[in-house]
Amino acid sequence: MVVEPWEELGNLLGMRTWGVAGPCWGTLEMQKWGSRRTRLVARFFLLPLGLFSSSLCGPALDSVFARTLCPLNVLLIIVDDLRPSLGCYGDKAIRSPNIDQLASRSLLFQNAFAQQAVCAPSRVSFLTGRRPDTTRLYDFNSYWRVHAGNFSTIPQYFKENGYVTMSVGKVFHPGISSNYSDDSPYSWSFPPYHPSSEKYENTKTCRGPDGQLHANLLCPVDVADVPEGTLPDKQSTEQAIRLLEKMKTSASPFFLAVGYHKPHIPFRYPKEFQKLYPLENITLAPDPQVPAGLPPVAYNPWMDIRQREDVQALNLSVPYGPIPVDFQRKIRQSYFASISYLDTQVGHLLSALDDLQLTNSTIIAFASDHGRRVMDLVELLSLSPTLAGLAGLHVPPRCPVPSFHVHLCREGQNLGKHFQLQDLGEDLHLRGNPRESIAYSQYPRPADYPQWNSDKPSLKDIKVMGYSIRTIDYRYTVWVGFDPREFLANFSDVHAGELYFVDSDPLQDHNMYNDSQGRDLLQSLMP
């Protein structure tokens, strides 16, 4: 009998662990896009899942009829490392009017959970609808079609159902993890587009106080002075609009994925956005200290950030060295400015969709691959089946165990029921399950203590795997031994555990794993 890691984790709690995404999250011309929007039935916003929007055509109709007479287009917007730092999530400091406008007319998810807080594994997971333990991708250094199985992707599924599928910017993670081709030609009707200015993102283009160019973490720029006089996200918006203009007269529906780089580090953005966030108005993070009960294996020393020249100049001690307060404010200022810059690009893109009169025939999904915060969990697996269901396509069946031999299936849930439309094939085994509001995430580590590659270990170096269950009431994480050659977690080899009651301890400062209260909870979950 094959037992998945998630079943093993549930066995430690004495519970069945069926995976369900609960409610999810998802312009210097600070004007709202969307003044001409007229009708909205379903829009999807996840952070990391997204916003969904559609017209009356599609999921409310019989799927064959919908696909024949009025197939819906799909615009999937993927952003990089965006936490719920948006006005629509109650952050009053952030200027994000265009994304907020989209959220106001969408289904906004509040408790989404990502499968792994690393770009390549997360993107492959939600674009295939399968967990990292199925794709066997935990780092950046393998291609799932070779390493695990020839799994179908969501754009591939739409392509096989008559859609023109197009990729702009960072959709799949570039490199080995997408076969150096963004999974072409499987997923895309045309070769994916990458901005020519992408290659400068991590080079010395940031002018420092000394007047010299540096490869910094904080990088507000004069766009006219940077190589090519532009930035990747600006180029991606321009290309996406050109594609929308071409698809305006197409007889085929389209699936357009647009991937933005920001607010991923480095914080390289037009310097005028910095003016939106005066440094004297920037507050510090509410909980900057390392929790006393945090097991060392759970701590991320953020070595990629430490490699930036301006951070290196701080001479921080590793791994716990505190960042000076004034630099903390500058980091937060640049993160917020990067979000507002991103918001402007989203506004331009959505305005073009309006101008071309494509909005009411297009599903819009807005998602982040993960947030830059330790164990900031989101279930993104539901993106694939939900997009298929909203477009009126047949929702792929749930994956068997194991599913490495199955070309097309999904491990996530179809969230169509949340759109107040007809039943789109709700999973029967989830009905009546008292613990169905559960989300899962995992994270690899090379050792029990922080070291130079703790944040991004290569597969061969992974010795410990953290598995988390998140419910409305608590987050339970167990760190267990992992064999990277066999891709196997050993749940009898527990290295550390975490248990946080998130209602009374929302910042997750008090690890109750070894306390009597924690033992009482674990005991209460036993059958």
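Note that the numbering runs from 1 along the sequence shown for the chain.
In this structure, the side chains of Gln116 and Pro132 come closer than 4.5 Å at one or more pairs of heavy atoms. Under the 4.5 Å side-chain criterion, counting only non-hydrogen atoms from C-beta, Ile339 is not in contact with Phe273. Two residues are said to be in side-chain contact when any heavy atoms from C-beta on lie closer than 4.5 Å; Leu358 and Phe254 meet this criterion. Considering only heavy atoms from C-beta on, Leu350 comes within 4.5 Å of Ile77 through its side chain.
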Item to check | Stepwise salt bridge (Lys or Arg N to Asp or Glu O under 4.0 Å) check, Asp80 with Arg123 | outcome: CA-CA 10 Å; Asp80 207 340; Arg123 289 165 187 260; 3.5 Å; yes

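Arg136 forms a cation-pi arrangement with Phe404, by the criterion of a distance under 6.0 Å to the ring centre and an angle within 45° of the ring axis. No cation-pi contact links Arg131 to Tyr440, judged by a cut-off of 6.0 Å to the six-membered ring centre and 45° from its axis.
By the neighbour-count criterion of 12 heavy atoms within 6.0 Å, atom NZ of Lys248 is densely surrounded, having more than that number from other residues, nucleotides or ligands.
Between Phe255 and Phe158, the distance separating the two ring centers is shorter than 6.0 angstrom.
At a threshold of 4.0 Å, the pair Glu228-Lys234 does not count as salt-bridged, since none of the basic side-chain nitrogens sits closer than that to a carboxylate oxygen. With respect to Asp139 and Lys460, no salt bridge is recorded, no charged nitrogen being found less than 4.0 Å from a carboxylate O.
The CH2 atom of Trp479 lies 7.0 Å from the OG atom of Ser468; values are rounded to the nearest 0.5 Å. Taken to the nearest 0.5 Å, the OG atom of Ser338 stands 11.5 Å off from the CZ atom of Arg268.
Contact detail for Pro400 and Cys409: the closest heavy-atom pair is CD-SG, 4.4 Å.
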